[in-house]
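In what follows, residues are counted from 1 in the order of the sequence shown. What you see is a predicted model, and the numbers here were worked out from it, not measured in a lab.
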Amino acid sequence: MYSLKDYGRMLSDRVRMRAYVRALEQTVRPGSVVADLGAGTGIFSLHACRLGARHVYAVDMSPAMTVAAAAAKANGFSERITCIQADCLRTYLPEKVDIVIGDLRGTLPFFPGNLEAFAHAQRHWLKPGGTLIPKRDVLKVALVRDRLLYEKITGPWRHQPAKLDLSIALKWAVNQFAHVHLKGSALASAPKTWGSIDYGAGIQRNAQPLSWKSRRRTTAYGLAVWFDAELTATIGFSNRPGSSPAIYGQAFLPFENPLTISAGESLQADIQLTQLDDYLWSWQVEHRGSDGAVRRTLRQSMFLGMMLTTEALKNLRQ
């Protein structure tokens, strides 16, 4: 559950807020009915009312709805904003709405409940032909050459005083998803498109693995993953490395071992996503020589990064 400080950080993300406000300005008309999905402190609800919405249903199970209700009253919108503190998947509104707006992402759009919430809202809340904001998120992947970032993850387990050996923990450390803020210079390749989320139709991903051919000798330490958001057909933003600082940051999938590739050689990455209680990423990476022959293969998964007890493993098998 987010804290008030977390919501403050979201409000301070000017790139995100500017894009969402512009999307509301483009879609809200006098008399519109809006649903604010995962409303938090109600900022999108307030903007919708400012732009002439007849009514807004602000839905969130967070205690931050107390702030949303107080903010609605303070801005003179208490008669036009209905705050519903409940699980959106169990919520049915008294009328269909013209617009559903929300941001339930984490670092990536694959945050527990995000896609399910939008599917429920589209099916049960939205008028036929109504507008979903966001419209689509496109997932991008690139190689990372940031050695210092990699050492922050692996160094504590490789280097210990008094000749203690904690390297056994590396197998967990390199199979975990890391939330990072990368500079553009941290990338060792151009980005490739892994797939996309159409909020009206679901996940669509490329069938073929991603591939990068190197023009010069370089060392790759992992994969960066981010998204380009399309809020409407003409308004969007990105949390790509090197962009204006955003609350989302990027995801970093480290390699078990750094891979040094020479000019003419390539790396091929097959990235899979599995949904359990959470979303688990798996990444298989092949280092291929200039002749196309496989030199080395890494097979990694967030499942291997889970520090599971014997009892927990039994429960997973069941």
Visitor: Apply side-chain contact (heavy atoms from CB on, under 4.5 Å) to K127 and list each qualifying residue two or more places apart in sequence or on a separate chain.
Guide: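 Only K96, D98 meet the side-chain contact (heavy atoms from CB on, under 4.5 Å) criterion with K127.
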Visitor: Keeping the roles fixed (side chain from Q300, backbone from P254), state whether a donor-acceptor pair exists under 3.5 Å.
Guide: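 Such a contact is found between Q300 side chain and P254 backbone.
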Visitor: Is T41 close to L4 at the side-chain level, that is, under 4.5 Å between some pair of heavy atoms?
Guide: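 Side-chain contact under 4.5 Å: yes.
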Visitor: Do Q275 and E116 have side chains that get closer than 4.5 Å, going by heavy atoms?
Guide: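 The answer is yes; the side chains approach within 4.5 Å.
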Visitor: Please find the pair of heavy atoms, one from R16 and one from M10, that lie closest to each other, and give the distance.
Guide: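 Shortest heavy-atom contact: NH1-O, 3.3 Å.
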Visitor: Determine whether a donor-acceptor pair (N or O, by modelled atom type, separation under 3.5 Å) exists between the side chain of D165 and the backbone of S167.
Guide: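 Checked: pair present.
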Visitor: Is there a side-chain contact between V100 and L132 (heavy atoms, below 4.5 Å)?
Guide: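 Yes, side chains in contact.
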Visitor: Looking at every non-hydrogen atom in both residues, tell me the closest pair between V174 and T154 and how far apart they are.
Guide: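 Looks like CG1-CG2, 3.9 Å.
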Visitor: Judged by atom type as modelled, is there a donor-acceptor pair below 3.5 Å linking the side chain of N175 to the main-chain atoms of K171?
Guide: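 Pair found, side chain donor or acceptor close to backbone of K171.
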Visitor: Please answer whether the main-chain N or O of G305 pairs with a side-chain N or O of Q176 as donor and acceptor at a distance below 3.5 Å.
Guide: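 Yes.
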Visitor: Measure from the side-chain N and O atoms of D103 to the backbone N and O of R105, and report whether any donor-acceptor pair falls under 3.5 Å.
Guide: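 Present.
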Visitor: Spell out, as yes or no, whether a donor-acceptor pair under 3.5 Å connects the side chain of Y150 to the backbone of G155.
Guide: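 Pair absent, no side-chain N/O of Y150 close to backbone of G155.
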Visitor: Mind checking salt bridge (charged side-chain N to carboxylate O under 4.0 Å, His left out) for R296 and listing every partner two or more places apart, or none if nothing turns up?
Guide: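 Partners of R296 by the salt bridge (charged side-chain N to carboxylate O under 4.0 Å, His left out) criterion come out as none, since no residue qualifies.
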Visitor: May I ask you to check whether Y92 and H120 place their ring centres under 6.0 Å from each other?
Guide: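 H120 vs Y92: aromatic centres under 6.0 Å.
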Visitor: Mind checking whether L139 and F110 have side chains closer than 4.5 Å, heavy atoms only?
Guide: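 Counting from C-beta outward, L139 and F110 do come under 4.5 Å.
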Visitor: Do Q160 side-chain atoms and L166 backbone N/O form a donor-acceptor pair below 3.5 Å?
Guide: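 No, the answer is negative, given that no donor and acceptor are paired below the 3.5 Å cut-off.
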Visitor: Can you tell me how far apart CH2 (W283) and CG (L223) are? Round to the nearest 0.5 Å.
Guide: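 So the CH2 of W283 and the CG of L223 are separated by 8.5 Å.
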Visitor: Keeping the roles fixed (side chain from W212, backbone from A190), state whether a donor-acceptor pair exists under 3.5 Å.
Guide: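 Yes; judged by distance alone, with no hydrogens or angles, the pair exists.
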Visitor: Hey, can you pull the donor-acceptor pairs under 3.5 Å for the side chains in residues 194-204, sequence neighbours left out?
Guide:
{"residue": "W194", "atom": "NE1", "partner": "I271", "partner atom": "O", "Å": "2.9"}
{"residue": "D198", "atom": "OD1", "partner": "G200", "partner atom": "N", "Å": "2.8"}
{"residue": "D198", "atom": "OD1", "partner": "A201", "partner atom": "N", "Å": "3.4"}
{"residue": "Y199", "atom": "OH", "partner": "N114", "partner atom": "ND2", "Å": "3.3"}
{"residue": "Y199", "atom": "OH", "partner": "D137", "partner atom": "OD2", "Å": "2.6"}

Visitor: Do Q268 side-chain atoms and R288 backbone N/O form a donor-acceptor pair below 3.5 Å?
Guide: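 Judged by distance alone, no pair lies under 3.5 Å.
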Visitor: Just by distance, do the side chain of R14 and the backbone of L11 share a donor-acceptor pair under 3.5 Å?
Guide: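 Checked: no pair found.
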Visitor: Checking H55 now: which residues fulfil ring-ring contact (aromatic ring centres under 6.0 Å, His included) with it, not counting sequence neighbours?
Guide: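 Here the qualifying residues are Y57.
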Visitor: Run the side-chain donor-acceptor check on residues 60-72: report pairs under 3.5 Å with partners two or more places apart or on a different chain.
Guide:
{"residue": "D60", "atom": "OD1", "partner": "S62", "partner atom": "N", "Å": "2.9"}
{"residue": "D60", "atom": "OD2", "partner": "A39", "partner atom": "N", "Å": "3.4"}
{"residue": "D60", "atom": "OD2", "partner": "G40", "partner atom": "N", "Å": "2.9"}
{"residue": "S62", "atom": "OG", "partner": "Y7", "partner atom": "OH", "Å": "3.4"}
{"residue": "S62", "atom": "OG", "partner": "A64", "partner atom": "N", "Å": "2.9"}
{"residue": "T66", "atom": "OG1", "partner": "P63", "partner atom": "O", "Å": "3.2"}

Visitor: Not counting sequence neighbours, which residues clear side-chain contact (heavy atoms from CB on, under 4.5 Å) with R240? List them please.
Guide: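 Residues passing side-chain contact (heavy atoms from CB on, under 4.5 Å) with R240: W226, S238, S243.
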